[in-house]
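Take a look at the structure below.
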Amino acid sequence: MEKIDTVVVGAGQAGVAMSEHLGNLGIDHVVLERDRIAERWRTGRWDSLVANGPAWHDRFPNMDFPCDGETFADKESVAAYFAAYAQKIGAPIRTGVEVTQVTPLQGRSGFRVETSDGVIEAQHVVAATGPFQRPAIPPVVPQDAGVHQMHSAAYRNPDQLPEGAVLVVGGGSSGVQIADELMKAGRRTYLSLGPHDRPPRRYRGRDNVWWLGVLGKWNADSPGPGTEHVTIAVSGAEGGRTVDFRRLAHRGMTLLGMTSGYADGTISFADDLKQNLDRGDANYLSLLDEADAYITRHGLDLPEEPQARTLPADPPCVTDPIRKLDLAEAGITTILWATGYTFDFGWLQADTFDEQGRPLHQRGVSRQPGLYFVGLPWQTRRGSSFIWGVWHDAKFIADQIAIQHSYMDYHAAAQAPVPENV
């Protein structure tokens, strides 16, 4: 049986970052990846996906992207970046190795890590599998409803879908980008959206990620009450543009409230579309207010942008919202669920999960001694599940493992026999 100090499960951005910090501390470790490095970026996203932040920001501190810093890197470039980073740091990554079960050892510290390539005994385990694990599709429309249903995780491009109109459910970054792409491809497109935040892509010459930084929003240490799962509508597509649902509707997209039910071929929607759009506008305008106040307070010479506050009029689908839609009459042949993901830690046998299967932890330190998480949303701050944020969270976890080593080394030294004087 192979023995190693730390096993990191997953070689995406979290696993690569974890390896760098463990390596810097001289901690013996291995990173196990069932596919290739950054596989979710390669095959778990649609073809035209780009990063939601510019390359100068969405990166690790010790290596730039090879493209211009203002570019929104495409998914293949992101995957190549992590592969190159892993090579740069000499990360001990084993690809094609799936972890099937992790079990705490009985009567002593450590874990039994069962893999497709044998068993490893480790003192520490880091779950670095990220937040996008199991696609979540609400149980609204039965599978035998006679309409093609798929999750955004399986979507690649418009040609993949059967002919006909498409209903996209979910107004976050994935949903709005996919719906826009489908409309541009000539598809009749319906978009069902719920409550959301809608930040500006750029304002007064600075990108949204810059504003989040200088306004201290990246470092918010926990979501506000009721905002843990608020959808963020932001996009880096086509060089990065502010998402504006009303403008999409004026171009031909039909907006709908939250999907609420289904019966006899008819899907129903909540009467909340106007409310959801107004909330998104309020969030958008509040960020402009904060940015203006920051510029004034610091005397920055940034160009004014009064046109950013001009919002389009409500389109007909908002003033006269659709509450029920007969799928056949509307010609809808596909429902695409852009409804996020749930966790899948079935391989991890430890008492550190709540009744919904969500990890119980403090800054990534679980309730099971020696078990850690990296890459969770809001793990330590708002930026935790972003590329730069996960790098800093991984450093904290590596430091915790090093601290445990110092305790064990001290204990071992204290228990060692004192040599007799000769």
Side-chain angles (χ1 to χ4, degrees), residues 13 17 50-74 77-78 81 171-173 176-177 195-224 227 230-248 277-312 377-393 395-396:
Q13 59 200 44
V50 299
N52 272 338
W56 67 262
H57 181 268
D58 283 11
R59 63 179 179 86
F60 287 166
N62 297 323
M63 192 171 95
D64 293 333
F65 272 87
C67 59
D68 179 85
E70 295 297 329
T71 299
F72 295 85
D74 62 72
S77 296
V78 175
Y81 174 88
S173 296
V176 68
Q177 290 179 58
H196 59 272
D197 284 350
R198 189 174 70 86
R201 174 72 271 172
R202 294 186 185 90
Y203 182 59
R204 298 186 69 169
R206 296 290 186 271
D207 191 86
N208 172 59
V209 299
W210 189 86
W211 286 116
L212 291 175
V214 298
L215 295 174
K217 296 183 180 295
W218 281 125
N219 289 323
D221 59 6
S222 65
T227 67
V230 169
T231 296
I232 308 296
V234 65
S235 172
E238 298 180 339
R241 294 187 302 180
T242 297
V243 171
D244 192 317
F245 293 106
R246 289 180 174 85
R247 286 193 169 88
L248 290 173
L277 292 173
D278 287 345
R279 170 191 169 142
D281 291 343
N283 169 254
Y284 168 80
L285 293 171
S286 72
L287 288 170
L288 301 191
D289 290 341
E290 290 187 62
D292 287 342
Y294 182 90
I295 289 170
T296 300
R297 185 165 60 250
H298 292 274
L300 300 182
D301 184 19
L302 296 178
E304 294 188 4
E305 196 175 338
Q307 68 274 19
R309 295 179 177 274
T310 301
L311 303 178
W378 292 97
Q379 179 161 314
T380 65
R381 71 194 86 187
R382 180 177 185 168
S384 285
S385 56
F386 293 80
I387 292 174
W388 66 271
V390 79
W391 188 90
H392 291 282
D393 285 353
K395 185 178 187 306
F396 174 80

Taking all non-hydrogen atoms of both residues into account, name the closest pair between [X] and [Y] and its distance.
{"X": "C67", "Y": "A55", "result": "SG-CB, 3.8 Å"}
{"X": "L288", "Y": "P200", "result": "CD2-CG, 3.9 Å"}
{"X": "V234", "Y": "Q177", "result": "O-NE2, 3.7 Å"}
{"X": "V50", "Y": "A237", "result": "CG2-N, 3.6 Å"}
{"X": "G53", "Y": "V209", "result": "CA-CG1, 4.3 Å"}
{"X": "F60", "Y": "Q13", "result": "CZ-O, 3.4 Å"}

Residues passing the salt bridge (charged side-chain N to carboxylate O under 4.0 Å, His left out) test with D58, sequence neighbours excluded, are none
Can you tell me if [X] uses its side chain to pair, donor with acceptor, with the backbone of [Y] under 3.5 Å?
{"X": "T296", "Y": "A293", "result": "no"}
{"X": "Y81", "Y": "M63", "result": "yes"}
{"X": "W391", "Y": "P61", "result": "no"}
{"X": "R382", "Y": "N219", "result": "no"}
{"X": "D74", "Y": "S77", "result": "yes"}
{"X": "S384", "Y": "G389", "result": "no"}
{"X": "T242", "Y": "R201", "result": "yes"}
{"X": "S173", "Y": "I232", "result": "yes"}

Side chain to side chain, [X] and [Y], heavy atoms closer than 4.5 Å:
{"X": "P199", "Y": "N283", "value": "yes"}
{"X": "W218", "Y": "H57", "value": "yes"}
{"X": "Y294", "Y": "L300", "value": "yes"}
{"X": "Y203", "Y": "N208", "value": "no"}
{"X": "R204", "Y": "D292", "value": "yes"}

Evaluate the side chain to side chain contact (heavy atoms under 4.5 Å, CB included) criterion for residues Y284 and D244: first the C-alpha distance (whole Å), next the side-chain angles of each, then the deciding distance (0.1 Å), finally the verdict.
CA-CA 10 Å; Y284 168 80; D244 192 317; over 6 Å; no
Among all residues two or more places apart in sequence or in another chain, which pass the side chain to side chain contact (heavy atoms under 4.5 Å, CB included) test with Q307?
E305
For D289, side chain to side chain contact (heavy atoms under 4.5 Å, CB included) partners two or more places apart:
R309
Can you tell me how far the CZ atom of R241 sits from the CZ atom of R247, to the nearest 0.5 Å?
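Answer for the CZ-CZ pair, R241 versus R247, is 10.5 Å.
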Between D278 and R198, is there a salt bridge with N-O shorter than 4.0 Å?
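A salt bridge is absent here (no side-chain N lies under 4.0 Å from a carboxylate O).
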I would like to know whether W211 and L287 meet side chain to side chain contact (heavy atoms under 4.5 Å, CB included); could you show each step before the answer?
CA-CA 9 Å; W211 286 116; L287 288 170; over 6 Å; no
Could you label the plane-to-plane angle of the H392 and W388 rings as parallel, tilted or perpendicular, counting under 30° as parallel and over 60° as perpendicular?
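Ring orientation of H392 relative to W388: perpendicular.
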Can you say whether the rings of F245 and H196 are parallel (under 30°), tilted (30 to 60°) or perpendicular (over 60°)?
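Because their plane-to-plane angle is over 60°, the rings of F245 and H196 count as perpendicular.
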Could you walk me through whether L311 and R246 pass side chain to side chain contact (heavy atoms under 4.5 Å, CB included), step by step?
CA-CA 8 Å; L311 303 178; R246 289 180 174 85; 5.6 Å; no
Intermediate values then yes/no, side chain to side chain contact (heavy atoms under 4.5 Å, CB included), D207 and F72
CA-CA 11 Å; D207 191 86; F72 295 85; 3.8 Å; yes
